[in-house]
Amino acid sequence: MASFLPQFQSIKTSSDHVVLAVEDVSDLWPVIKKGFEERLPFKRVSLNNKTRNPVLVDELPAEFILTTDARLRSRFPQEQALFWFREPYATIVLVTCEVKFTVSIALFQLISLSSAWLRPLALREQLDLDEFKNILKPRLKLIVQNDEREWFIVFVSKAPAHNDQATKMAKKVYAKIEVDFSSKKRERCCKLDMHGPDANFWEDLETKIMECIKNTLDRRIQFYEEEIRKLSEQRFMPVWNFCNFFILKESLAFMFEIAHLHEDALREYDELELCYLETVNVVGKQREFGGVEREDDQATLLDPGKKALTQIVQDDSFREFEFRQYLFACQAKLLFKLRRPFEVASRGYSFIISFSKALTLHESILPFCMREVWVITACLALINETASYYEDGLAAPDVEKEFYRVQGELYTLCRTKFMRLGYVIGYGLNIERSPVNSASLSMLPWPKPAVWPSIPPDASSQVLAKEKMILQESPRPKHFGIQRKPLPLEPSVLLREANRRRASLSAGNMSELLDGRPIANDGSGLLSPLSKVNSISMTRNLSSPGNFDGSIDRPMRLAEIYVASEHALRNTISSAELLKSLSSVEEFEQKYLDLTKGAANNYHRSWWKRHGVVLDGEIAAVYHKHENYNFAANLYEKVCALYSGEGWQNLLAEVLPNLAECQKILNDQAGYLSSCVRLLSLDKGLFLTKERQAFQSEVVRLAHSEMEHPVPLDVSSLITFSGNQGPPLALCDGDPGTLSVTLWSGFPDDITLESLSLTLIATHNTDEGAKAIKSSDAIVLRPGRNNITLSLPPQKPGSYVLGVLTGQIGQLRFRSHSFSKGGPADTDDFMSDEKPTRPILKVAKPRSLVDLAAAVSSALLMNESQWVGIIVKPIKYSLKGAILHIDSGPGLRINETQEIEIEKHEVGSQKESNLGIPQEDTLSTPSSEAKQLTLEDGKIKLPDWTSNITSVLWVPLQAVSDGLPKGTPAGTGVPQGQSIVDGLRTIALKLDFGVSHNQSFDKTIAVHFTDPFHVSIRVADKCNDGTLLLQVMLQSQVKASLTISDAWLDLQDGFAHAGKGDGRPASSLFPLIVSPKSRAGILFSICLADTQAKDEAKELHPDSILNIRYRISGSRNLGAHSPVAKELTGPDNDEAQNLTFKSAIELQRPVLDPCLAVGFLPLPSSGLRVGQLVTMKWRVERLKDSVENVASDNLDEVLYEVNVNSENWMIAGRKRGYVSLSTKQGSRIVISILCLPLVAGYVRPPQLGLPNVDEANISCNPPGPHLICVLPPPLSSSYCIPAA
């Protein structure tokens, strides 16, 4: 079967569609051919796949071929079975009824067909029914008895539409064919009327063709599966032949591909690949790997016809190198037809990785660097082909991102292999020694040929050029003088590896192996500048042409290795483009740049955006090298942002100096300054101290220079801050303070901050803006920890945390918003993102910091100098340096001649209750003796010993009252309300306290002043001789003991003293002691006297004056007391202590003789109801004859007035009027008023008054009731209808 391989490959290249056989004996096909071929290809057909599941095919190409065509000639049975996929899938038998004599010949040809396959049969004859029954029908029966054939009959009618007889004959013949060859299960006949409508015919024709194709395809799939199963069972036997299995398997796959069942074809190739990998490396069978022919270095992953299968056959199988690429090319072709280029890329990347391992195993027999060259060409071919097939939006977003990721991986792999080739031929100095390149190349092994290539005989000039290049090239110095150990780009020293693989290398010492040069510690294999100078002479001597004949006996130098490798690569590489890329340093860098850009761009469009940013750094390095600083800076910024965000400080330390150099050259002062700060912010171990000092010197230089566009600089990673350990600073509302903050400086040297400010953020109100506190003086920050203090102005109540630190270095403004992370993790000084920010300041809500109150609540003496006590109580707040302002109110004056006293307020004293606050422990224990203070401009400075204790300030005050107190008749009671209001005085107090007297407390306290006595009088008795005994009762109004030493009464006009006439009491009981709040009585004897004219009496003596001389004994801690001590002017101290009290009393005439009596008459016994009128009656009776001094203008007329509450009563008549009353004693009159109650309950009745008669001349007998009962109104029955 393997001998059919060339024919099989030829058939594959020529057969790519379904074949439909047509038999045309009488030249009928040229007439209908155009109509048949216009229906090709078939659209949206349904076929069965390998698992017998229907699959919708959008387009199925096909071809109609006559049986007389040479492509359908007879084949041997074995050949037919092997290439069954190209045989016709349906046979179309054309029948007509025109030519009679050709029937027997055509039927004979059909019957004599000896092939096992159905041949297209075309019968184009005109026959009548007899001929059909006797000749055509028996022969067609013989044809259709073969079940393997898929056929159907097309009856072509040429009968004209106007010829009814011909039309009827055609219909009869077609009906007879249908009866004989069609059945209920399957219709095998269709009719084409060439002169009539044919719309239904083409649909019927396509249906029957698809049915034949489907059945044929199912039958052939079953045949191939059975054959493949038989061969699969023998794959581990000695007779196994993979070529036979391959032909059957690919025949099935190709048949699926012809039918456009690409998924099934792809599955067959996958199974074929697995089977090959299982059998290719069978133990005991050594096969050639391949890959040693010319142009084998160029991958054929996408070109299955690149090399014929007959060229890679080896015994019963194929060479692995070519065959695995062929299988992948077939798979890729199917995937492209399925419009899945992303899967081609994904499969291709995996295939390249796995095939590269296979190349590694056979590297010793392959050309030099064959693996690297093949991987490069494979990646580039795969990238270009998949990119040409791919269209944006072809796949889902996640698939699209994965596609670009694989594209980026292919570029990266190609880039890595390309760098390895460049390094081998001496371009290593032109490769950036970045972490990315070092990680890629240091883990990539060197090529491992059986023998390292030798130097060509005429390469002396090339060796000299390479040595000159090595000596001239030197690593580019880094900015700031940074000294870095170069990263390696190789797994081991190339010099040692190449010489070790030389075929006839003799054993020698290491110095000979390395040509007398020391080994670089970095493993790079490059020479240090000193060793280069020392080895120049030796290099030139050994590079002479005469020394090459014996060079095989000595180790090769590095330049010789480069030349030998480059010469060997020219023999390996067949791609002109790749050779051009390695022809010079410029071409190499350009190709390197293109590959890096391709990888970065694809990574940017995929999931792995960070990989793209990293490769942007490699692009920036090339631009940086060629002094394209603008593009380099833009790319470096992206790389630095990634490294900084990920916290990769080691990588950032490699790139950031390059960015700073570009920014400095571009005169980007702001960017350069920011880069210097970021360099200082990195871990201290990444740079030397002198390097960090260079960074700081650049920052200071720029800060003190005139920048064109100054911008605020963020130093959050360099200067951090935090509050000190311990509880937060606690202040009261309105208090300033001093805030202590710890700053951590990351600068290597001291640095001066011209200004510094720190913002406080309130935690309780996020809408409130941050408040800044500033330091007015310059601050010098030392490296490490610094403690600074800031003046804190008054803040609003709440909790505050540190916000942003801002300041100025020279002309440069900076800001920092980072907290310090110094200190162990379990202390409050440790700050992290997970831990909430600790408050630095707490300002208490407004509260009482101090209280002022009167020391005594009882009354003091009016018109006398009294000590007024003011209690000053601090409430958990120091009153050090406090100043008290005192402003006396109206009717009150301060005795400025007397000094003010202050003393400690004793614990448990009675006055403490005025504050309502318990006494707190004092911090100092001053003496309880009173201290003297002086009042200056109405203010007093409190001594420091009173700052934390409750103290009492005694101020000498005098309440002034111009009028005399009035006495009241006995029984009327003391008018307390009026007395308190008249004696009330106020003192306005203002206390300024706090650190800078920022706190202020205002309060107005009330002090009650009163007279020592309240006087009430009554006539105790009237003697027969007209003498009146006047009793004067004295009520003590102070909490002090009063001693009365003398009393006298100055009477008003109309009264005179009886007896001695000196105005003294009738009985002398002096001294009379009156206890606090007690009463005493004094009895005077008076009589009536002649009165003066009315107007003169009022001007001279309107009232009687009671004079009392007394002394007071009391304590200022309790209330009234002796007046403030004065300097005595008389010899008698006791006489100086006597006080005089005067009170005006009013005596009325007559006192015991009322002239009228008013009595309230009883109400009706039936009671009062709401809404019912009632008569109120009062009786007025004259008790004695009227005299001249009765207060009435008309003695016969008495004015009355009824007072009533309008809400409770309604008066049905006059409320005010006159009634006639005789002036004779005993005369009476009844006043009646008609009233209407408005509310029910107990209400006050109307009251009768006599406005023109003094109340002293009216006697109420009997008195009127206070309340009367008013019943509710009776129930109304006006709406009730009595029952019938």
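These values consider heavy atoms only, across backbone and side chains, with no hydrogens, waters or symmetry-generated copies. Residue numbers start at 1 and run along the sequence shown.
Across all their heavy atoms, Phe368 and Leu569 have their closest contact at O-CD2, 4.1 Å.
Between Asn430 and Glu589, some side-chain heavy-atom pair lies under the 4.5 Å cut-off. Put simply, the side chain of His262 does not reach to within 4.5 Å of the side chain of Leu335, judged on heavy atoms. Proximity of Leu277 to Arg324: side-chain heavy atoms (C-beta onward) are separated by under 4.5 Å at one or more points.
In summary, the side chains of Trp648 and Glu654 do not present any donor paired with an acceptor at a separation below 3.5 Å, with no hydrogens or angles considered. For the 3.5 Å distance criterion, the side chains of Asn49 and Glu263 fail to qualify, holding no donor opposite an acceptor. For Asp58 and His260, the side-chain atoms include no donor-acceptor pair closer than 3.5 Å. Judged purely by distance below 3.5 Å, without hydrogens or angles, the side chains of Ser574 and Gln298 pair a donor atom with an acceptor atom. Looking only at atom types and distance, the side chain of His567 has no donor-acceptor partner in the side chain of Gln462 under 3.5 Å away. Ser606 and Glu402 share no donor-acceptor pair across their side chains, judged by distance under 3.5 Å alone. No side-chain donor from either of Asp297 and Thr572 sits under 3.5 Å from a side-chain acceptor of the other.
Annotation: Gln222, atom CD; neighbour count of heavy atoms from other residues, nucleotides and ligands within 6.0 Å does not exceed 12. Within 6.0 Å of the NZ atom in Lys448, the count of heavy atoms belonging to other residues, nucleotides or ligands does not exceed 12.
Listed for the Ser251 side chain is a donor-acceptor partner under 3.5 Å among the backbone atoms of Ile247. At distances below 3.5 Å, not a single donor-acceptor pair connects side-chain atoms of Asn437 with backbone N or O atoms of Arg433.
Glu432 is linked by a salt bridge (charged side-chain N to carboxylate O under 4.0 Å, His left out) to nothing, counting only residues two or more places apart in sequence or in another chain.
Considering CG of Leu651 and CG of Leu642, their distance stands at 9.0 Å, rounded to 0.5 Å. Distance check, rounded to the nearest 0.5 Å: CG of Leu635 to CG of Leu615 gives 11.0 Å.
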Exercise for review: Could you check Phe321 against Phe355 for ring pair (Phe, Tyr, Trp, His ring centres under 6.0 Å), going step by step and ending with a plain yes or no?
Suggested key: CA-CA 9 Å; Phe321 180 81; Phe355 196 70; 5.7 Å; yes
Point to revise | Candidate pair Leu252 and Ile228, rule side-chain contact (heavy atoms from CB on, under 4.5 Å), full reasoning | key: CA-CA 9 Å; Leu252 178 59; Ile228 292 171; 3.9 Å; yes
Practice item. Under the ring pair (Phe, Tyr, Trp, His ring centres under 6.0 Å) rule, what do Phe418 and Phe588 come out as? Steps first, then yes or no, please. Key: CA-CA 9 Å; Phe418 184 73; Phe588 172 78; 5.0 Å; yes
Exercise for review: Decide ring pair (Phe, Tyr, Trp, His ring centres under 6.0 Å) for Phe323 and Phe318; before the verdict, give the C-alpha distance in whole Å, the side-chain angles of both, and the deciding distance to 0.1 Å.
Suggested key: CA-CA 6 Å; Phe323 188 70; Phe318 302 94; 4.6 Å; yes
Point to revise | Worked check of side-chain hydrogen bond (donor to acceptor under 3.5 Å, both in side chains) between Thr360 and Arg371 | key: CA-CA 7 Å; Thr360 304; Arg371 176 187 57 185; 3.0 Å; yes
Exercise for review: Determine, step by step, whether Glu320 and His362 satisfy the side-chain hydrogen bond (donor to acceptor under 3.5 Å, both in side chains) criterion, reporting the C-alpha distance in whole Å, the side-chain angles of both residues, the deciding distance to 0.1 Å, and the verdict.
Suggested key: CA-CA 11 Å; Glu320 182 179 355; His362 301 85; 5.0 Å; no
Exercise for review: Decide side-chain contact (heavy atoms from CB on, under 4.5 Å) for Glu560 and Lys466; before the verdict, give the C-alpha distance in whole Å, the side-chain angles of both, and the deciding distance to 0.1 Å.
Suggested key: CA-CA 8 Å; Glu560 296 172 343; Lys466 291 291 183 183; over 6 Å; no
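Residue Arg229 is tested with Glu233, Glu225, Glu227 for a salt bridge (charged side-chain N to carboxylate O under 4.0 Å, His left out); the sole match is Glu233.
Taking 4.0 Å as the cut-off between side-chain N and carboxylate O, Asp270 and Arg267 do not count as a salt-bridged pair. The existence of a salt bridge linking Glu586 and Lys591 is excluded, since no basic side-chain nitrogen approaches an acidic carboxylate oxygen closer than 4.0 Å. Under the 4.0 Å criterion applied to side-chain N and carboxylate O atoms, Glu322 and Lys306 are not assigned as salt-bridge partners. Between Arg415 and Asp594 there is no salt bridge, since no side-chain N of the basic residue sits under 4.0 Å from a carboxylate O of the acidic one. Taking the charged nitrogens against the carboxylate oxygens, Glu268 and Lys50 do have a contact shorter than 4.0 Å, which makes a salt bridge. Ion pairing between Glu577 and Lys580 fails under the 4.0 Å rule for side-chain N and carboxylate O.
Here Tyr603 and Tyr404 keep their ring centres 6.0 angstrom or further from each other.
Geometrically, Arg405 does not engage Trp607 in a cation-pi contact defined by less than 6.0 Å to the ring centre and at most 45° from the axis. For Arg420 and Trp446, the positive end sits near the middle of the six-membered ring, less than 6.0 Å away and at most 45° from its axis.
By the 30° and 60° cut-offs, the orientation of the rings of Phe242 relative to Phe246 is parallel.
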